[in-house]
Structures are given as C-alpha cells and as structure tokens.
Amino acid sequence: MTTKYDVKRELKKCYSPKNTDWELVDIPELHFLAIDGHGDPNTSAAYRCAVEALYAVAYTVKFATKGEVPPLKWTA
C-alpha cells in the first residue's frame, strides 16, 4: 500500500513558515501547472475559464496517477 503524498507536510517550511523572523528557505524543484494572464480575477470571464481548465487537467492527472494535487496558488 502506498502512502499519500502531502505536499504541505513535506514542504512545511514553505507552506507554514514561523511568523517570528525572516528566514531564507530553499525551495526544491517542483513540477506545476500554471496559467498566465492579467486583469481582475474576480470579474474576468477569461480567468474563470482558465481556472476551470486548470482544475480539469489537474484532477485528471491526480486520478490518473493516484497522486495529490497541491492547493491552488494565486500570485501577482
């Protein structure tokens, strides 16, 4: 039986840093899906369609590999 991969547990320093002081953290090389765009994500129809497509691909990969899909991250 394989154990479920928990990206938040494996990379705890990246997802749950201590809020006491600045710290440099080495982020390992990761594979990811990304959508690039601009505009207000709350009102843009293109953004909504892009996120729907991203989830469709991500969950297809998740179930095909029986893996874990990390949480959606929005960056500016």
Side-chain angles (χ1 to χ4, degrees):
M1 182 173 164
T2 61
T3 58
K4 190 174 181 180
Y5 177 72
D6 185 351
V7 69
K8 287 184 175 181
R9 182 178 301 157
E10 292 294 322
L11 301 175
K12 190 172 184 170
K13 284 188 138 187
C14 302
Y15 283 94
S16 300
K18 293 182 179 178
N19 195 17
T20 56
D21 202 3
W22 290 96
E23 179 180 359
L24 290 177
V25 178
D26 289 324
I27 307 295
E29 184 175 321
L30 301 168
H31 298 283
F32 60 92
L33 299 172
I35 295 175
D36 192 17
H38 64 277
D40 185 349
N42 296 312
T43 60
S44 171
Y47 181 82
R48 179 183 48 79
C49 291
V51 170
E52 288 174 1
L54 181 65
Y55 270 100
V57 172
Y59 280 95
T60 300
V61 169
K62 174 184 178 175
F63 289 113
T65 62
K66 298 179 183 172
E68 180 67 23
V69 175
L72 177 66
K73 292 290 198 178
W74 182 82
T75 59

Residue list, side chain to side chain contact (heavy atoms under 4.5 Å, CB included) with Ser44, at least two apart or on another chain: Ala46, Tyr47
Any pair counted as salt bridge (charged side-chain N to carboxylate O under 4.0 Å, His left out), so long as it reaches residues 27-55, sequence neighbours left out: Arg48-Glu52
Heavy atoms of Val51 and Ile35 approach each other most closely as N-CD1, 4.1 Å
The side chain to side chain contact (heavy atoms under 4.5 Å, CB included) partners of Leu11 (sequence neighbours excluded) come to Val7, Cys14, Tyr15, Pro28, Leu30
